[in-house]
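FYI, side chains are in, hydrogens and waters are out, and symmetry mates aren't considered; it's all heavy atoms of this structure. Just so you know, these numbers come straight off a predicted model, no measurement behind them. Chain A is the first sequence line, chain B the second, and so forth, proteins listed ahead of strands; every chain is numbered from 1.
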There are 2 protein chains.
Amino acid sequence: MHANLRARSPVWKGDTVTTPPGLRERKKQATREALREAALRLALERGPDQVRVEDIAEAAGVSPRTYNNYFASREQAIVAAVTADREARIAAAIATRPAGVRLADAITEAVIQQYTDPGEHDPEVLLLITSRTTLRDAFLDTTAGIEPPLTAVIAERLGDAGAHTARVLAASVAAAVRIALEGWLRPDGTAGTAGSFGAGGLVVPSGSLPDQLRAALAPLAPAFDAAERRRLEH
Amino acid sequence: MHANLRARSPVWKGDTVTTPPGLRERKKQATREALREAALRLALERGPDQVRVEDIAEAAGVSPRTYNNYFASREQAIVAAVTADREARIAAAIATRPAGVRLADAITEAVIQQYTDPGEHDPEVLLLITSRTTLRDAFLDTTAGIEPPLTAVIAERLGDAGAHTARVLAASVAAAVRIALEGWLRPDGTAGTAGSFGAGGLVVPSGSLPDQLRAALAPLAPAFDAAERRRLEH
DNA sequence: CAGGAAAAGTGCGTGCACGCAAATTTGCGC
DNA sequence: GCGCAAATTTGCGTGCACGCACTTTTCCTG
């Protein structure tokens with residue numbers, strides 16, 4: 001825990017003074033990352049069930065109690081190692097896209113870009129995540145994290161009047177993404193609650209992830225179009 | 001656990017033979033309900049923090065271990081007492097509506113009807129739920145339960161080709177409902193993650209629940225319309 | 001109505017989540 | 001550098017979630 005954490009002096013970035021994060025903040029992020037990576041590494045080495053919170057904490061050089069100050073469950077740390085800064089990158093990806101294109105398309109492509117990009121892991125990590133239901137669920141839950149950035153970006157396009165709409169659409173996108181991911185890393189049998197529905201037959205042959213995402217987001221496009229249209233009509 | 005649970009003989013309902021649930025199933029439901037009600041009653045009497053799982057189990061006449069065979073968390077039982085058979089009622093409510101009206105309207109009205117109807121409790125119960133964050137969250141999580149029935153009903157309207165779409169739209173509705181409920185029983189300050197957004201200003205003056213629901217569902221209407229239209233155009 | 005399979009209930013043991021109240025570390029003005 | 005307020009870490013204690021193996025109950029069939 002004594003890495004190169006020096007440096008500290010006002011810095012000009014863009015046109016505003018950006019006081020760089022102090023020791024406090026830097027250490028906090030360092031600890032968070034240490035926990036993430038320790039969790040993932042141990043899970044890969046021993047198998048996810050052979051890793052206790054105590055082990056992760058020890059490997060990261062903090063107390064077990066501190067672990068829970070950073071992550072609310074044992075799975076979160078492992079999953080976080082994969083999804084790390086996805087939220088920030090999605091926001092950036094959408095912001096980058098030209099303002100001319102349909103909002104629906106911009107979002108779809110940005111999302112695909114993020115979830116397709118191999119976070120420099122992937123080959124073995126995906127097997128790990130799918131291997132345990134609790135990990136799979138924790139992973140799917142991270143889609144909720146893209147809501148805030150999406151809301152911000154959508155709201156910006158729709159103007160103040162659409163703030164409400166933006167929130168709903170962002171949540172819908174997150175839900176769609178979740179569904180796409182579910183379908184993608186489905187181990188096999190449609191174990192899920194088929195309810196008063198299932199008996200029919202299998203629905204999706206589990207295409208590639210980009211295809212699944214496109215298919216899941218397509219039904220929402222009309223809602224985005226309508227929102228943008230309303231924006232133009234004041 | 002020795003209530004009036006007799007009766008058993010084939011019954012004709014509609015035009016198919018409906019074997020009534022055996023003792024097994026009836027007892028299971030009885031236990032589930034006993035747990036729900038015990039949980040709610042104790043929480044109201046003593047306050048939610050003064051009720052341990054052990055207490056609920058004892059009041060319902062089962063072992064603590066059995067409690068967790070029915071509910072995965074302490075809060076679920078309490079919340080379930082309020083949301084009991086909402087899922088089934090939503091499905092029925094939508095099915096009842098005339099096939100002529102817009103799908104979006106049918107769903108909106110059905111949802112409002114369900115969430116408006118005072119489940120024969122409400123006055124004090126709402127205060128209970130809002131009093132603790134964990135209870136509030138558990139309550140909001142129950143909105144996920146309306147997805148399966150919604151999916152089934154929507155899929156029926158859209159035909160086989162729309163099964164995929166149905167799933168996404170149902171999830172979007174659930175997300176919108178969740179947002180509406182969040183806004184409705186918001187205790188006060190926008191504590192939530194404002195992210196790169198908040199600083200602007202307050203957005204919603206927290207109207208009535210039906211209004212919140214309508215507002216949250218409205219942005220999705222175009223998506224429903226488009227789906228229905230596509231259905232007609234084969 | 002006997003008997004055995006299937007399902008629900010139970011007890012136990014383990015690891016985990018988290019409130020609380022010290023102890024420790026960091027930020028910052030003097 | 002000094003010292004204090006604020007933030008963070010830590011230990012402890014409690015209750016909880018759940019896998020597993022075992023007992024009890026319900027169901028069905030001959």
Note to self: Considering only residues two or more places apart or on different chains, which pairs with a residue in residues 36-47 of chain B satisfy side-chain hydrogen bond (donor to acceptor under 3.5 Å, both in side chains)?
What the structure shows: R41(B)-E45(B), R46(B)-D55(B)

Notebook entry, point to check: Between R32(B) and F71(B), does a side chain to side chain contact (heavy atoms under 4.5 Å, CB included) hold up when you go through it step by step?
Noted result: CA-CA 9 Å; R32(B) 175 169 260 105; F71(B) 299 100; 4.1 Å; yes

Margin query: Could you tell me how far apart N69(B) (CG) and dA6(C) (P) are, to the nearest whole angstrom?
Written below: 20 Å

Margin query: Looking at E182(B) and R167(A), is any side-chain nitrogen of the basic one under 4.0 Å from a carboxylate oxygen of the acidic one?
Written below: yes

Notebook entry, point to check: Between K27(B) and dA8(C), is there a side-chain N or O to OP1/OP2 distance below 4.0 Å?
Noted result: no

Check: Through what angle, rounded to 10 degrees, does the axis of the helix from dC1(C)-dG30(D) to dC30(C)-dG1(D) turn between its ends, using five pairs per end?
Finding: 30°

Notebook entry, point to check: Just how far is it from atom CD1 of I112(A) to atom CG of D211(A), taken to the nearest 0.5 Å?
Noted result: 8.0 Å

Item checked: Reading 5' to 3' through nucleotides 16-24 of chain C, protein heavy-atom contacts under 4.0 Å coded B for base, S for sugar-phosphate only, - for none -> SSBBB----

Checklist line | R132(B) CZ - dG15(D) C1' separation (whole Å) | finding: 16 Å

Checklist line | Rounded distance (Å) that lies between atom C1' of dA6(C) and atom CD of E25(B) | finding: 14 Å

Check: Is the count of non-hydrogen atoms from other residues, nucleotides or ligands lying under 6.0 Å from E58(A) atom CD greater than 12?
Finding: no

Check: Can you tell me how far CD1 of I56(B) sits from OH of Y67(B), rounded to the nearest 0.5 angstrom?
Finding: 4.5 Å

Check residues 139-150 of chain B and write down every donor-acceptor pair under 3.5 Å in which the side-chain atom is one partner and the other belongs to a residue at least two apart or another chain.
from	atom 1	to	atom 2	distance (Å)
D141(B)	OD1	R178(B)	NH1	3.0
T142(B)	OG1	F139(B)	O	2.5
T143(B)	OG1	L140(B)	O	2.7

Item checked: Between P of dG15(D) and CZ of R46(B), the distance in whole Å -> 12 Å

Next item on the list: Quickly work out the R26(B) CZ to dG9(C) P distance and round it to whole Å.
Entry: 15 Å

Item checked: Q29(B): partners by side chain to side chain donor-acceptor pair (under 3.5 Å), with sequence neighbours left out -> E25(B)

Next item on the list: Take the protein atom CG of D49(A) and the nucleotide atom P of dT14(C), then report the distance between them rounded to whole Å.
Entry: 17 Å

Next item on the list: Round to the nearest Å and state the distance from R32(B) atom CZ to dA8(C) atom P.
Entry: 10 Å

Next item on the list: Taking only the side-chain nitrogens and oxygens of S63(B), find out if one of them lies under 4.0 Å from OP1 or OP2 of dT10(C).
Entry: yes

Margin query: Enumerate the salt bridge (Lys or Arg N to Asp or Glu O under 4.0 Å) contacts for residues 63-88 of chain A, please, sequence neighbours excluded, ordered by first and then second residue.
Written below: D85(A)-R89(A)

